[in-house]
Amino acid sequence: MTPLDHAAGLPAWAAILVSVFLIIGAGLTVIGTIGFVRLPTFYERIHAPTLGTSWGTGGIVMASMIFFTVLATRPVVHEILIGIFVTVTTPVTLMLLARAALHRDRAEGNPDVPSEPPVPPSAAVQAEKA
Amino acid sequence: MLPYPLLSLSLVVMWLALNGFTLGQLILGSIVSVFASWGMAALRPSKPRIRKWHLLPKLLGIVLYDIVRSNIAVVSLLFGGGGHKRRSDFITVPLDLKDPTGLAILAVIVTSTPGTAWLEYNSLSSTVLIHVFDLVEEAEWQDLIKNRYEKLLMEIFT
């Protein structure tokens with residue numbers, strides 16, 4: 001028996017709650033993905049998928065937790081780990097991509113991108129010593 | 001034996017959450033977490049010092065609330081809302097926070113809030129370059145990051 005065979009036994013309130021969270025989560029992820037395709041510049045595009053990595057993931061995780069908690073009649077919370085790991089690892093790839101883009105744009109002398117901040121004199125002396 | 005007690009504890013909890021709680025899994029998970037924390041110690045990361053534990057739930061609450069709010073804001077912007085021409089731009093925010101763990105958490109907060117992306121931290125000038133999706137007032141965003149998040153993080157990690 002797969003969990004889906006038990007889904008018929010899900011009470012109505014839980015089914016509604018699960019559906020609402022699933023639609024919110026999946027909807028945000030789709031909207032983020034559409035934005036990712038449609039936005040004009042690289043730096044704008046990096047914002048759109050964060051919908052999917054924040055409440056997109058969050059909504060689906062919530063739906064999964066409610067579904068399996070009600071069906072198994074015991075708390076099922078290990079999905080939280082998915083949320084934590086997605087949240088914590090997103091900045092790593094984002095910074096990697098963004099800094100690569102910044103480096104490229106600065107090397108090309110793109111005027112829309114800020115140049116590297118000036119180094120204060122005191123810090124420059126320290127950096128030379130190090 | 002346990003150079004990072006918090007890490008080891010979290011690993012055991014994660015192991016049991018994934019595999020179910022039995023005595024066998026507890027022993028196996030403990031062994032794994034001890035070896036994993038030795039591996040971590042070999043990397044010699046700076047040890048985070050959390051001074052005020054009781055402020056962590058407050059920070060989590062603020063962040064979750066802001067993530068919901070900015071999700072709604074970004075969705076309405078993607079559908080052409082907002083009532084004005086959207087301007088995306090870079091802002092530079094000077095930071096007083098120096099603790100690496102605190103900075104890492106701030107980066108996670110800024111990134112996981114849709115509409116702001118943490119691009120690059122410059123440790124020489126202690127500034128961070130952030131890209132804002134809908135920049136109305138630069139000072140407003142600097143104020144948000146400095147007063148809403150950084151102040152609390154500085155209290156937690158001093």
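Residue numbering restarts at 1 for every chain, and letters A, B, ... go by the order of the sequence lines.
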Which atoms of Ser112(B) approach chain A - backbone, side chain, both or neither, heavy atom under 4.5 Å = both
Are side-chain N/O atoms of Gln25(B) and Thr22(B) paired as donor and acceptor at under 3.5 Å?
-> no
Output a table of donor-acceptor pairs, distance under 3.5 Å, between side-chain atoms of residues 8-31 of chain A and any protein atom two or more places apart or on a different chain; print 'none' if there are none.
| from | atom 1 | to | atom 2 | distance (Å) |
| --- | --- | --- | --- | --- |
| Ser19(A) | OG | Ala15(A) | O | 2.5 |
| Thr29(A) | OG1 | Gly25(A) | O | 2.8 |

Using a strict 4.0 Å threshold on nitrogen-to-oxygen distance, state whether Glu120(B) and Arg106(A) make a salt bridge.
-> yes
Under 4.5 Å to a heavy atom of chain A? For Ser123(B) that would be neither
For the atom pair CG (Leu102(A)) and CE (Met95(A)), what is the distance rounded to the nearest 0.5 Å?
-> 12.0 Å
Whatever's closer than 4.5 Å to a heavy atom in chain B on Thr53(A) counts as neither
When rounded to the nearest 0.5 angstrom, what is the spacing between OG1 in Thr116(B) and CG in Leu144(B)?
-> 8.0 Å
Ranking Pro114(A), Ala98(A), Gly35(A) by heavy-atom pairs under 4.5 Å to chain B gives rank one to Pro114(A)
Largest heavy-atom contact set with chain A, pairs under 4.5 Å, which of Leu18(B), Val110(B), Val13(B) = Leu18(B)
Supply the atom-to-atom distance Lys52(B) NZ to Leu152(B) CG, rounded to the nearest 0.5 angstrom.
-> 9.5 Å
Ile34(A), part contacting chain B, at a heavy-atom distance under 4.5 Å | neither
Go through the structure and list residues passing side chain to side chain contact (heavy atoms under 4.5 Å, CB included) with Met154(B), not counting sequence neighbours.
-> Asp96(B), Leu97(B), Glu150(B)
Going by the ring-ring contact (aromatic ring centres under 6.0 Å, His included) test, which pairs reach into residues 87-121 of chain B, not counting sequence neighbours?
-> Tyr43(A)-Phe90(B), Phe90(B)-His131(B)
What part of Ile105(B) is in contact with chain A, defined as an atom under 4.5 angstrom from a non-hydrogen atom: side chain, backbone, both or neither?
-> neither
Is the NZ atom of Lys98(B) crowded by more than 12 outside heavy atoms at less than 6.0 Å?
-> yes
Supply the atom-to-atom distance Gln142(B) CD to Leu95(B) CG, rounded to the nearest 0.5 angstrom.
-> 10.0 Å
Side chain, backbone, both or neither of Leu51(A) within contact of chain B (heavy atoms, under 4.5 Å) | both
Sort by residue number and list every member of residues 54-75 of chain B having a non-hydrogen atom under 4.5 Å from chain A.
-> Leu64(B), Ile67(B), Val68(B), Asn71(B), Val74(B), Val75(B)
